[in-house]
Amino acid sequence: MMKATTRSLVIGAAMALVVAGLTGCSNGASTGGGSGSGGSADSAKIGLLLPDSVTARFASADRPLFTKRIKAKCPDCTVLYQNAGGDASKQQQQAQAMLTQGVNVLVLDAFDGEAAASIVTLAKAKNVPVISYDRLINSDGLSAYISFDNQKVGQLQATALTERLKQLGVADDAGILEINGSPTDNNAGQFKSGAQSVLSKSSYKVLGEYDTPGWDPAKAQSWAAGQISKVGVTNVKGIYAANDDTAGGVIAAMRAAGATTIPPITGQDATLAGLQRILQGSQYMTVYKAFKPEAQGAADLALQLAAGKKPTTNATVKTAGGASVPSVILTPVAVTADQIQGTVVKDGLFTASQICTSALQAACTKYGIK
Ligand code: GAL
C-alpha cells in the first residue's frame, strides 16, 4: 500500500487569476519542452495519459475538455491520447510510445503514483516535461502538478455523512462501512486520511474498510456484499464511498441484500448516474470537482511548458519523497440535492434535461433544477 503523500500547500493567487493568467502557445518560439519532435511550440505534440476506463470522468470530462482547450489555444498542436485501462505497466508502455513519437510534454494521470516515477525519469532524460495530472506522482522530476485539495474531499464526504446521520437521529454508535479508493492512487490515500480525520472523531463505528483496487465498482460491490452478509443489512446505517462509481456498486450490493431504503452514502465526481441517484434518494451526496478548470489548467500548463515558459501556479506541493512541485490546487465542493442547480448545472457539466429523466421530474422541480 502506497504511503500517503504529505503535502505542504502554499496557496498564492486566487485560482480565477491563475486560470485567467495562463497563456497559450507562444508566437513561433522554439519548443522549450521536449526535445522529441523539436520544432515550434505552435505545433507542439502533447501526450495525455489517463489511468482507467471504469471511472466516468476521464472519458466524459477530462479528455474532451483538455483536447478542446489545446485546440482552442493552439490550433496546430496535436494531442496524443491513451488510457491505461487500470494497468501500470500498460501506462508505462503508452508513455514510452509517446516519447518515441516525439511528444513535447506529457500530461500524466498515473494509475500507480509510485510506479509512474520511472515514466518521469524517462521523459526527463529526453528533456520532456511531465505534468502530474490530478494524482501526484512520487518523483522529484515533475515540472508541475494540478489537482484539488484532496484531503478536503475526504473531509467534506465524511462530514456530510456524519451530519446526515445525526440529522436522521441514527444511534450514536451505529455502524458504517468505509469504501476507499485505489491503493495505487495517491489521491485515494488523501481522501481516506481526510475522511478518517472526521470519522475517527465521530461516535459511529466503522464495521469494515476496504481499499478498492483500481477503483473498480464491481470489486467495491463484491466486498460490500460480503460485509453486508456478515454484519446484517439492517446494521449498515451509513456508508462512506470514496466516489460515485464505487457508491453505485455498494448500493447494488445493499439492494441485492434486500435493502429497500439505502442509508446515507457519499460519493465523488458528480457523475450523471451519481446526481440522478441523489435526486432519486439512494445516494446522499457527491463531491463536485470542477473538471473544466482542472483540464483547462493542465492544457495551459502544457502549452506554457512546450513554449519553454515557467508554469503559472498557485501553490507548492511536496511529494512523499520531499520534492517541491509547482502546483495548481483547486477547491472541491460538497453537493447534495439542494446544490445541484447552483454547481454542476450552473457550470454546464450537465444540463437539466440530461439529469432530469421523466422519473426524476418531480425531484427536479422540488430542487429547482432547470
Ligand atoms: C481519483 C480522482 C477522482 C476519481 C478517482 C477514480 O484520483 O481524483 O476524481 O475519479 O480517481 O478513478
Side-chain angles (χ1 to χ4, degrees), residues 1-2 4-5 7 48-66 83-88 91 107-116 131-138 145-157 179-195 210-221 240-250 266-275 283 285-295 297-298 317 319 327-335 343-344 349:
M1 158 81 196
M2 180 171 166
T5 297
R7 303 179 331 176
L48 175 65
L49 292 155
L50 296 181
D52 72 61
S53 38
V54 290
T55 305
R57 60 170 284 185
F58 299 126
S60 69
D62 299 270
R63 181 189 179 183
L65 289 167
F66 180 85
N83 186 306
D87 181 339
Q91 189 161 62
V107 177
L108 173 55
D109 192 344
F111 176 72
D112 182 324
E114 295 289 332
I131 298 166
S132 196
Y133 182 65
D134 195 65
R135 302 176 179 181
L136 188 57
I137 298 163
N138 188 14
Y145 167 58
I146 181 162
S147 190
F148 286 80
D149 182 341
N150 294 310
Q151 189 88 16
K152 182 152 183 211
V153 170
Q155 286 165 357
L156 290 173
Q157 294 167 319
I179 294 90
N180 301 301
S182 176
T184 59
D185 174 359
N186 184 66
N187 286 353
Q190 295 176 337
F191 303 148
K192 181 173 166 176
S193 101
Y210 180 61
D211 293 335
T212 310
W215 288 91
D216 187 344
K219 294 197 171 116
Q221 180 171 345
Y240 169 86
N243 79 353
D244 288 356
D245 300 316
T246 52
V250 178
T266 61
Q268 174 182 189
D269 281 349
T271 63
L272 187 55
L275 295 166
Q283 185 175 324
M285 63 85 75
T286 187
V287 174
Y288 172 50
K289 304 194 296 190
F291 302 127
K292 208 176 193 173
E294 188 179 27
V317 165
T319 65
S327 302
V328 175
I329 298 298
L330 303 159
T331 305
V333 182
V335 173
T343 55
V344 291
L349 182 65

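Whatever order the structure lists ligands and atoms in, that order sets their numbers, starting from 1.
Atom 3 (C) of ligand 1 has its closest protein heavy atom at Lys289 NZ, 3.5 Å. Ranking protein heavy atoms by distance to atom 11 (O) of ligand 1, first place goes to Arg135 NH2, 2.9 Å. Ranking the protein heavy atoms by distance from atom 8 (O) of ligand 1 puts Asp134 OD2, 2.6 Å first.
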### Message
Between Phe58 and Asp52, is the side-chain contact (heavy atoms from CB on, under 4.5 Å) condition met? List the steps.
### Response
CA-CA 8 Å; Phe58 299 126; Asp52 72 61; 3.5 Å; yes
### Task
Check step by step if salt bridge (charged side-chain N to carboxylate O under 4.0 Å, His left out) holds for Arg57 and Asp134.
CA-CA 12 Å; Arg57 60 170 284 185; Asp134 195 65; 3.6 Å; yes
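Residue Asn187 has at least one N or O atom closer than 3.5 Å to an N or O atom of ligand 1.
Of all the listed residues (Val287, Asp269, Val153), Asp269 holds the heavy atom that lies closest to atom 10 (O) of ligand 1. If you check each of Val54, Asp185, Asp245 against atom 1 (C) of ligand 1, the one with the closest non-hydrogen atom is Asp185. Comparing heavy-atom distances from atom 5 (C) of ligand 1 across Phe148, Phe58, Trp215, Phe191 singles out Trp215 as nearest.
Residues Leu50 and Tyr133 meet the side-chain proximity criterion, which asks for heavy atoms closer than 4.5 Å. With contacts defined as side-chain heavy-atom distances shorter than 4.5 Å, the pair Asp245/Val54 does not qualify.
Listed for the Asn186 side chain is no donor-acceptor partner under 3.5 Å among the backbone atoms of Asn138. One N or O on the side chain of Gln91 and one on the backbone of Phe111 form a donor-acceptor pair closer than 3.5 Å. Within the 3.5 Å criterion, the main-chain N or O of Ala110 finds a donor-acceptor partner in the side chain of Arg135.
Contact between Ala241 and Gln157 at its shortest, heavy atoms only, is O-NE2, 3.9 Å.
Within the listing of ligand 1, atoms 6 (C) sit less than 4.0 angstrom from a heavy atom of Asn243. Those atoms of ligand 1 that come under 4.0 Å of a heavy atom in Arg57, given as number and element, are 2 (C), 3 (C), 8 (O), 9 (O), 10 (O). Proximity to Thr55 (heavy-atom distance under 4.0 Å) selects the following atoms of ligand 1: 6 (C), 10 (O), 12 (O). Ligand-side atoms of ligand 1 in range of Asp52: 12 (O), range being under 4.0 angstrom from any heavy atom.
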